[in-house]
S.K.: 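The structure under discussion is supplied below as structure tokens; questions concerning it will follow.
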Amino acid sequence: MTAALHATTPKSDDKTDARVVRRRLGPGRRIRFAFWIGPLLALAVWSVGSATGVIKPAILSAPWDVAVAFEDQWSNHDLPGNILSSLERAVIGLTLGVVTGAVLAVISGLSRAGESVIDGPIQIKRSVPTLAIIPLFIAWFGIGQEMKIVTIALISLVPIYIHTHNGLRGIDGKYAELAETIGISRGDFIRHVVLPGALPGFLLGMRFAVTSALLGLVVVEQYNAVAGIGHMITLAEQYGQTDVIVVGLVIYGVFGYCADSAVRLTARKVLAWRQTLEG
Amino acid sequence: MATDTRGLSTEQAVRVRNLHRSFTKDGGVLNGLDLDIAPGEFVALIGRSGTGKSTLLRALAGLDRDVDGYGQITVPGAVSVVFQDSRLLPWKRVLDNVIFGLRGADARERGAQALAEVGLAGRERAWPHQLSGGEQQRAALARSLVREPQLLLADEPFGALDALTRIRMHALLRKLCETHRPAVLLVTHDVDEAIVLADRVILLDAGVVDTDVRVDLANRSRSDAGFAALRTLLLDRLGVDEEGRR
Ligand SMILES: Nc1ncnc2c1ncn2[C@@H]1O[C@H](COP(=O)(O)OP(=O)(O)O)[C@@H](O)[C@H]1O
Ligand SMILES: [Mg+2]
């Protein structure tokens with residue numbers, strides 16, 4: 001057998017980079033402010049449409065009219081108060097729903113007994129639209145704040161439960177085996193293995209939960225609200241003020257968008273250990 | 001359900017008597033196996049694929065709740081297990097993985113020291129996915145040794161590593177075992193690895209210890225005549241010759 005060894009010498013000394021790089025199949029690097037591009041584009045289309053008269057004011061008020069209406073509501077009709085009271089409802093209901101959903105998911109995920117008691121009812125509840133249960137809640141809790149919070153809690157509980165449970169059951173069994181050989185307590189096992197392992201599922205559930213909570217908010221505020229964005233919209237409807245209705249819708253939209261981004265940002269921070277296409 | 005008599009060992013690190021394990025009604029995987037391992041002794045366990053090496057190891061580790069069988073098992077109180085995959089929790093940084101479940105104020109310090117011992121000083125804050133396969137396995141070794149086990153059970157810990165990394169891991173494991181002196185039961189499918197590392201090689205066949213040889217070599221290099229003779233003996237007992245023919 002003969003073999004010749006050559007020292008490799010560069011063919012030329014110019015600095016052109018002749019690397020062969022594979023075409024990327026993942027989404028690639030993150031774009032800065034990518035987040036705002038979509039919404040700004042929508043706003044631009046709306047402005048141009050209104051300015052050229054393609055979008056009639058009777059159909060949808062122009063952005064500047066909405067801005068004026070916003071200013072008017074803010075200074076003359078207690079818009080800040082309405083926003084706060086809507087936020088309060090949403091936050092209390094969401095918190096209740098998220099905590100309950102997560103606790104139920106951990107119980108039913110870790111114990112067969114818990115699963116047999118909890119899982120069935122939640123799956124049944126899941127196939128009955130929460131909004132269809134509102135009449136029953138009104139009979140139970142009246143049309144006050146209680147009914148509104150319970151509805152929001154229940155509507156956000158379901159996605160949290162489903163996704164946390166799913167994430168928890170998806171944890172690789174070999175980590176449980178490792179924990180057994182190390183000999184840790186059940187509490188430490190939940191804290192160090194179960195909760196972090198179920199976190200991606202929980203956060204996905206959280207994204208569905210915040211949008212569900214807002215949906216619930218919009219609906220319950222149609223019932224006899226004395227304050228809140230829904231109350232403002234109901235009044236505007238009676239007086240035919242489309243611009244005020246749009247103010248309300250935009251505020252709902254901003255709520256949803258901010259909540260969803262907050263969850264996504266949190267997810268990116270706390271899931272730094274994952275190597276995914278998310279990047 | 002395994003109905004063993006289990007106990008904590010006194011003289012021997014490991015004492016197994018008449019151990020039976022079966023997954024199916026017809027025929028067991030372990031059929032009355034006896035095994036003793038002295039404190040500080042390094043035993044390599046070889047055997048054809050599917051002869052029950054992992055089954056034995058899991059029985060010693062107490063990880064076979066759902067397997068049928070009976071027998072007597074005596075092991076020390078402090079047992080560590082190293083698996084073929086490193087099983088580092090992906091959501092914990094390397095140091096936190098090493099000291100996972102460890103108590104005491106000096107846990108972090110001991111963990112960092114164990115990492116330094118396996119040559120991973122400075123990687124404490126890395127995520128497991130940022131380590132190479134060999135580095136992950138070294139972190140897993142650090143996680144086992146920081147617990148100061150009296151018995152180290154390892155199931156093909158280097159099976160997924162490339163040949164070069166494996167040789168470096170052999171040297172590391174020997175050094176660590178000489179410092180910490182745990183009794184070791186190392187499962188491997190590699191006869192050379194068994195001879196290089198162990199004080200004793202046992203060969204599992206038909207559910208019992210078929211061959212049990214002491215490795216008394218002054219020189220553990222593969223070119224040594226004693227090494228070659230031992231390799232030939234073991235390969236013969238495994239039913240293959242040097243060229244791999246049956
Ligand atoms: N969980 C299991 N269920 C059913 N059969 C199993 C299980 N684990 C191992 N076995 C069987 O037991 C035998 C021994 O397996 P194992 O101990 O893993 O072998 P080794 O580690 O020596 O390759 C094999 O025939 C395997 O198919
Ligand atoms: Mg095996």
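As a basis for the values below, the full set of heavy atoms in this structure was taken, side chains included, without hydrogen atoms, waters or symmetry mates. Sequence lines set the chain letters: A, B, ... in the order given, protein chains first and strands last, and positions in each chain run from 1.
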S.K.: Do you know which of A/Asp188, A/Thr181, A/Leu271, A/Leu199 has the most heavy-atom pairs with chain B at a distance under 4.5 angstrom?
M.R.: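 Option with the top pair count is A/Thr181.
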S.K.: So for B/Arg87, is it side chain, backbone, both, or neither that comes closer than 4.5 Å to the heavy atoms of chain A?
M.R.: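 Both backbone and side chain.
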S.K.: Is the closest side-chain heavy-atom distance between B/Pro90 and A/Tyr175 below 4.5 Å?
M.R.: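 Answer yes - side chains close enough.
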S.K.: What option among B/Asp96, B/Leu102, B/Leu89 has the most heavy-atom pairs under 4.5 Å with chain A?
M.R.: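 Result: the option with the highest number of such pairs is B/Leu89.
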S.K.: Step by step, would you call A/Trp273 with B/Lys92 a side chain to side chain contact (heavy atoms under 4.5 Å, CB included)?
M.R.: CA-CA 8 Å; A/Trp273 52 269; B/Lys92 280 185 178 295; over 6 Å; no
S.K.: Return the option, out of B/Arg143, B/Arg103, B/Arg93, with the maximum number of heavy-atom pairs under 4.5 Å with chain A.
M.R.: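 Most pairs with chain A among the choices: B/Arg143.
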S.K.: Decide if atom CZ of A/Arg191 counts as having more than 12 heavy atoms of other residues, nucleotides or ligands within a radius under 6.0 Å.
M.R.: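 Check fails, neighbour count at 12 or below.
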S.K.: Which atoms of B/Leu153 are under 4.5 Å from chain A, going by heavy atoms: the side chain, the backbone, both sets, or neither?
M.R.: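 Interface part for B/Leu153: neither.
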S.K.: Give a yes or no on whether A/Phe208 atom CZ has more than 12 heavy-atom contacts from other residues, nucleotides or ligands under 6.0 Å away.
M.R.: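 It does not: A/Phe208 CZ has 12 such atoms or fewer within range.
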S.K.: Would the number of heavy atoms belonging to other residues, nucleotides or ligands and lying under 6.0 Å from CD1 of A/Ile31 be above 12?
M.R.: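 Open.
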S.K.: Relative to chain A, which segment of B/Asp85 carries a heavy atom at a distance below 4.5 Å: side chain, backbone, both, or neither?
M.R.: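 For B/Asp85, the side chain is the part near chain A, not the backbone.
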S.K.: Any non-hydrogen side-chain atom of B/Trp91 less than 4.5 Å from a side-chain atom of A/Val270?
M.R.: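 In short, these two side chains do not touch, never coming nearer than 4.5 Å.
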S.K.: For A/Gln123, I'd like to know if atom CD has over 12 heavy atoms of other residues, nucleotides or ligands within 6.0 Å.
M.R.: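 Yes - once you tally the heavy atoms of other residues, nucleotides and ligands closer than 6.0 Å, there are more than 12.
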S.K.: Do other residues, nucleotides or ligands put more than 12 heavy atoms under 6.0 Å from B/Gln130 CD?
M.R.: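 More than 12 heavy atoms, drawn from other residues, nucleotides or ligands, come within 6.0 Å of this atom.
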S.K.: Kindly indicate whether the side chain of A/His192, heavy atoms from C-beta on, has any atom under 4.5 Å from the side chain of B/Phe100.
M.R.: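 Contact flag for A/His192/B/Phe100 side chains = yes.
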S.K.: Of all heavy-atom pairs between B/Leu63 and A/Glu180, which one has the smallest distance, and what is that distance?
M.R.: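 Minimum heavy-atom contact is CD2-OE1, 3.5 Å.
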S.K.: With heavy-atom distances below 4.5 Å as the criterion, would you say the side chains of A/Ile182 and B/Arg147 are in contact?
M.R.: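 Yes, close enough: below the 4.5 Å cut-off.
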